[in-house]
Amino acid sequence: MRAYVEGNDIILKVKDDFILKHIFECGQCFRWNPIDEVTYEGIAMGHYLQLKEEVNQIRFLDTTLKQFNDLWLLYFDLNTDYSDLKERVSALHPVLGEAVDFGSGIRILKQDPWETLISFIISANNNIPRIKMLIRKLAEAFGDQFINNKGEVCYTFPSPVQLTFATEEKLREMGMGYRAKYIYEVAQKVSHEYDSYNHLTNLNTVELEKALLKYMGVGPKVASCVMLFGYGKMDTFPVDTWIRKVLIEWFAIESTRPTEVREAIKRRFSGLEGIAQQYLFYYAREHKLEIGQGIK
DNA sequence: ACCCAGGGTCGTC
DNA sequence: GACGACCCTGGG
């Protein structure tokens with residue numbers, strides 16, 4: 001992908017493999033929001049960013065080349081060839097062909113593992129608007145304050161140490177519900193065992209899952225999301241309520257046994273599990289009525 | 001008013 | 001392994 005400076009902005013030339021709505025509405029992130037028809041804003045990697053969709057290009061507003069190279073190149077997974085990826089995913093199954101066409105601009109963001117861990121603990125048995133609100137409140141209460149290029153007050157996602165200042169009671173008051181205990185426990189554990197926490201980046205998918213499952217509030221689904229969106233593990237497949245419907249409806253996988261589901265997924269999507277899941281999730285969620293009606 | 005689902009996990013049996 | 005409980009919010 002080609003990028004260059006234009007005034008205060010960076011221009012990224014794209015085809016159909018970088019579509020803001022697809023990237024930010026496919027359920028992988030919670031701190032990006034639309035401003036208008038063609039613009040999204042968000043806070044990630046400790047920075048505020050505004051992105052504008054133009055003809056065959058994406059405008060990174062008020063961004064230096066250094067910021068682009070240091071932060072956004074990796075965050076937006078710009079070194080991965082998604083046209084090749086999409087071709088291979090489409091070939092796996094007719095439904096995936098449709099799902100890929102529908103979400104053709106999806107990219108798997110490489111998000112901060114810590115933020116991803118806490119965010120998906122919050123996501124459990126919760127809905128997306130509320131998840132977004134709770135994460136925003138967490139940032140406002142414990143993150144670093146800064147002023148963006150529009151003069152607005154913004155907050156970074158709190159570090160593990162910053163989150164240790166949150167008591168369980170305080171987190172409950174903020175509306176975290178029963179997840180307050182999980183957030184509290186995980187913040188304490190991570191900040192007191194920081195070396196072993198950092199070591200997680202060196203683990204393979206199997207080892208990483210095992211390690212993540214030890215954290216309070218992290219089950220198979222949350223661990224899988226953290227691995228996929230935070231650690232870039234493409235060979236993992238989060239199974240949630242939507243995907244369960246998809247598996248039953250389109251892939252005739254009805255087993256409730258995690259190991260059986262896992263084997264079936266691996267057989268069908270081997271190596272492309274993560275990205276395949278995102279296309280299916282986005283496709284399913286945007287077509288919720290059709291799917292719901294299909295299940296007897 | 002009441003029930004149910006929402007990107008599930010925990011504790012208990 | 002299966003089952004109910006669980007903070008809270010919005011929609012039927």
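Just so it is clear, the model here is predicted, and its values are computed rather than measured. Labels below follow one simple rule: chain letters A, B, ... track the order of the sequence lines, proteins then strands, and each chain is numbered from 1.
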Taking only nitrogen or oxygen atoms into account, show me every contact under 3.5 Å that the protein makes with nucleotides 9-12 of chain C, one pair per line with its distance.
none

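- Looking at heavy-atom distances under 4.0 Å, A/Gln28 makes contact with a base.
- Using cut-offs of 30° and 60° for the angle between ring planes, the A/Tyr75 and A/Trp72 rings count as perpendicular.
- For the pair A/Ser123 and B/dG8, the criterion of a side-chain N or O lying under 4.0 Å from OP1 or OP2 is not met.
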TODO: Kindly indicate, with the supporting measurements, whether the criterion salt bridge (charged side-chain N to carboxylate O under 4.0 Å, His left out) is fulfilled by A/Arg285 and A/Asp240.
DONE: CA-CA 11 Å; A/Arg285 212 164 71 88; A/Asp240 56 60; over 6 Å; no

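- Using a 4.0 Å heavy-atom distance criterion, A/Cys29 is classed as making no nucleic acid contact.
- At whole-Å resolution of the value, CZ in A/Arg172 and P in C/dC6 are 10 Å apart.
- Summarising the geometry, the separation between CD1 on A/Ile243 and P on B/dG6 is reported as 13 Å, rounded to the nearest angstrom.
- You'll find the side chain of A/Ile10 reaches within 4.5 Å of the side chain of A/Val5, heavy atoms only.
- Residue A/Asn126 contributes atom CG, which lies 11 Å from atom P of C/dC8 at whole-angstrom precision.
- Counting heavy atoms of neighbouring residues, nucleotides and ligands inside a 6.0 Å radius, atom CD of A/Glu87 does not exceed 12 of them.
- Stacking of A/Trp242 onto the six-membered ring of B/dG7 is not present when judged by under 5.5 angstrom between centres and under 30° between planes.
- Classified by interplanar angle (parallel below 30°, tilted 30° to 60°, perpendicular above 60°), the ring pair A/Phe60/A/Phe76 is perpendicular.
- Atom CG of A/Asn125 is separated from atom P of C/dC8 by 13 Å (rounded to the nearest Å).
- Atom CD1 in A/Ile135 sits about 13 Å away from atom P in B/dG7, given to the nearest Å.
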Open item on the list: Apply salt bridge (charged side-chain N to carboxylate O under 4.0 Å, His left out) to residues A/Lys52 and A/Glu6 and explain how you reach the verdict.
Closed with: CA-CA 13 Å; A/Lys52 192 172 177 195; A/Glu6 187 179 289; over 6 Å; no

Task: Working for side chain to side chain contact (heavy atoms under 4.5 Å, CB included), residues A/Phe30 and A/Leu134 - done: CA-CA 10 Å; A/Phe30 302 104; A/Leu134 292 176; over 6 Å; no

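- Under the rule for a ring pair (Phe, Tyr, Trp, His ring centres under 6.0 Å), A/Tyr82 has no partner lying at least two apart in sequence or in another chain.
- Between A/Thr63 and A/His47, every side-chain heavy-atom pair lies at or beyond the 4.5 Å cut-off.
- Note on A/Glu173: nothing from the nucleic acid sits closer than 4.0 angstrom, heavy atoms only.
- Every residue two or more places apart in sequence or in another chain that forms a ring pair (Phe, Tyr, Trp, His ring centres under 6.0 Å) with A/His22 is listed here: A/Tyr282.
- Comparing the same atom, P, in B/dC3 and in C/dC6 gives a spacing of 15 Å after rounding to whole Å.
- Put simply, CG on A/Leu280 is 16 Å from P on B/dG7, counting in whole angstrom units.
- Using a 4.5 Å cut-off on side-chain heavy atoms (C-beta onward), A/Leu171 and A/Leu138 make contact.
- Within residues 103-122 of chain A, no residue approaches DNA chain B, by heavy-atom distance under 4.0 Å.
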Task: Pairing annotation in dot-bracket form, given for DNA chain B with Watson-Crick or G-U pairs under 3.5 Å and | for cross-strand partners - done: .|||||.||||||

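- Nucleotides B/dC10 and C/dT9 are separated by 23 Å at their P atoms, to the nearest Å.
- When the C1' atom is compared between B/dC4 and C/dC7, the two are found 15 Å apart, to the nearest whole Å.
- One atom, CD of A/Glu169, and another, P of C/dC7, lie 13 Å apart when rounded to the nearest Å.
- Look at A/Lys245 and you'll find a side-chain N or O under 4.0 angstrom from OP1 or OP2 of B/dG6.
- Residue A/Arg179 is classed as a base contact, given a heavy-atom separation below 4.0 Å to a base.
- Only the C1' atoms considered, C/dA5 is 16 Å distant from B/dA5, to the nearest whole Å.
- Side chains of A/Glu209 and A/Lys233 form no contact here, defined as non-hydrogen atoms less than 4.5 Å apart.
- Annotation: side chain of A/Lys170 is in contact with side chain of A/Met174 (closest heavy-atom distance under 4.5 Å).
- The aromatic rings of A/Tyr197 and A/Tyr215 lie perpendicular to each other, with more than 60° between the two planes, well past the 30° mark.
- Residues A/Arg172 and A/Tyr178 meet the side-chain proximity criterion, which asks for heavy atoms closer than 4.5 Å.
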Between the protein and nucleotides 9-13 of chain B, which nitrogen or oxygen pairs are less than 3.5 angstrom apart?
unit_1, atom_1, unit_2, atom_2, d
B/dT9, OP1, A/Gly219, N, 2.8
B/dT9, OP1, A/Gly219, O, 3.1
B/dT9, OP1, A/Lys221, N, 3.4
B/dT9, OP1, A/Val222, N, 2.8
B/dT9, OP2, A/Lys221, N, 3.4
B/dC10, OP1, A/Gly217, N, 2.9

